[in-house]
Novice: 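First the structure, which I've put down as structure tokens, then a few questions once you've had a look.
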Amino acid sequence: MVKLEGKVAVITGGSSGMALASAKLLVKEGAYVFITGRKQEQLDEAVKLIGRNVTGVRVTRQISTTSTVCSIRSSEKRQDRHLVRERWQGRAVPLGEITEEHFDAAFGLNTRGTLFTVQKALPLFNDRGSIIMTGSVASVKGFPGFSVYAASKAALRSFARTWLNELKAGISG
């Protein structure tokens, strides 16, 4: 029996990069995986590449994580739910050149996006579920030009520690 038989995972941004690699590995280990992506063609290619036990869900600003949550609820394919938050944005911008747009883009995707994705997914979880967020060594190393990216990833570490205690205590709203 494979390790993740009977589990379901949701991977945001699962149509490329590390997220696609994560999706392939989870399916190989027996999980049923929902991947999200913005570009339908890329999402279709990823579903075809993974080959089995996968559903692609296109998301946009208007059709967000709510559509993913609804797809999973309606599928009832598996018992344990796992969320892997893989989307990220980061580019080098020196301190004197950081704009509000750069800040908003990085924190919007890395931090705000993670918070509201997890919040909407909470009703899908049981006691054996997991929330996995991709952090970065940049949050502790201090790479020149990556202060905004690093700060957004440090926020994920704070989320993880705080949410662990809230969920352990049964505080989820």
Novice: Grab the two heavy atoms, one from Ala9 and one from Leu26, that are nearest each other, plus how far apart they are.
Specialist: CB-CD1, 3.8 Å
Novice: Look at the side-chain heavy atoms of Ile, Leu, Val, Met, Phe, Trp and Tyr, link any pair under 4.5 Å apart, and say whether Met18 and Leu25 land in one connected group.
Specialist: no
Novice: Only counting residues at least two apart or in another chain, list the ones meeting side chain to side chain contact (heavy atoms under 4.5 Å, CB included) with Ser147.
Specialist: Ile98
Novice: So do the side chains of Tyr149 and Asn110 get within less than 4.5 Å of each other, counting heavy atoms only?
Specialist: yes
Novice: Could you check whether any side-chain N or O of Ser139 sits under 3.5 Å from a backbone N or O of Ser136, counting only pairs where one atom can act as donor and the other as acceptor?
Specialist: yes
Novice: With Glu41, which residues qualify under side chain to side chain contact (heavy atoms under 4.5 Å, CB included), at least two apart?
Specialist: Glu45
Novice: For residues 158-170, tabulate all N or O donor-acceptor pairs below 3.5 Å that involve a side-chain atom, not counting sequence neighbours.
Specialist:
from, atom 1, to, atom 2, distance (Å)
Thr162, OG1, Ser158, O, 2.9
Asn165, ND2, Arg161, O, 3.1

Novice: Would you please name every residue forming a ring pair (Phe, Tyr, Trp, His ring centres under 6.0 Å) with Phe143, sequence neighbours left out?
Specialist: none
Novice: Run Asn53 and Val33 through side-chain contact (heavy atoms from CB on, under 4.5 Å) and show every step you take.
Specialist: CA-CA 6 Å; Asn53 291 345; Val33 176; over 6 Å; no
Novice: Taking all heavy atoms of Arg38 and all of Arg58, pick out the closest pair and write down the distance.
Specialist: O-NE, 3.0 Å
Novice: Which atom names give the shortest non-hydrogen contact between Arg52 and Lys28, and what distance separates them?
Specialist: NH2-CA, 4.1 Å
Novice: Can you confirm whether Ile50 sits close enough to Leu20 that some side-chain heavy atom of one is under 4.5 Å from a side-chain heavy atom of the other?
Specialist: yes
Novice: Once you round to the nearest 0.5 Å, how far does CD of Glu100 lie from NE2 of His102?
Specialist: 12.5 Å
Novice: Might you work through the side-chain contact (heavy atoms from CB on, under 4.5 Å) test for Phe116 and Arg112, ending with a clear yes or no?
Specialist: CA-CA 6 Å; Phe116 291 109; Arg112 183 179 192 273; 3.7 Å; yes
Novice: Got a second to check how far Thr117's OG1 is from Ile131's CD1, nearest 0.5 Å?
Specialist: 10.5 Å
Novice: Looking only at atom types and distance, does a side-chain atom of Ser152 sit under 3.5 Å from a main-chain N or O of Thr111, one as donor and one as acceptor?
Specialist: no
Novice: Looking at CZ of Arg157 and CE of Met133, how far apart are the two atoms once the value is rounded to the nearest 0.5 Å?
Specialist: 11.5 Å
Novice: For a side-chain contact (heavy atoms from CB on, under 4.5 Å) check, start with the C-alpha distance between Lys39 and Ser15, then their side-chain angles and the critical distance, and finish with the verdict.
Specialist: CA-CA 9 Å; Lys39 298 176 184 169; Ser15 59; over 6 Å; no
Novice: Roughly how far, to the nearest 0.5 Å, is CD of Glu29 from NZ of Lys7?
Specialist: 12.5 Å
Novice: Applying side-chain contact (heavy atoms from CB on, under 4.5 Å), run through Val27 and Tyr32 and close with a yes or a no.
Specialist: CA-CA 6 Å; Val27 167; Tyr32 191 93; over 6 Å; no
Novice: Answer whether the closest heavy-atom distance between the side chains of Thr114 and Leu156 falls below 4.5 Å.
Specialist: yes
Novice: Could you tell me which residues satisfy side chain to side chain contact (heavy atoms under 4.5 Å, CB included) with Val47, sequence neighbours excluded, listed by chain and number?
Specialist: Ile35, Val54
Novice: Using the ring pair (Phe, Tyr, Trp, His ring centres under 6.0 Å) criterion, which residues pair with Phe107? Sequence neighbours excluded.
Specialist: Phe103
Novice: Using every non-hydrogen atom in the two residues, find where Ala19 and Gly13 come nearest and quote the distance to one decimal.
Specialist: CB-O, 3.1 Å
Novice: Of all the heavy-atom pairs spanning Val148 and Ala106, show the shortest one and how long it is.
Specialist: CG1-CB, 3.7 Å
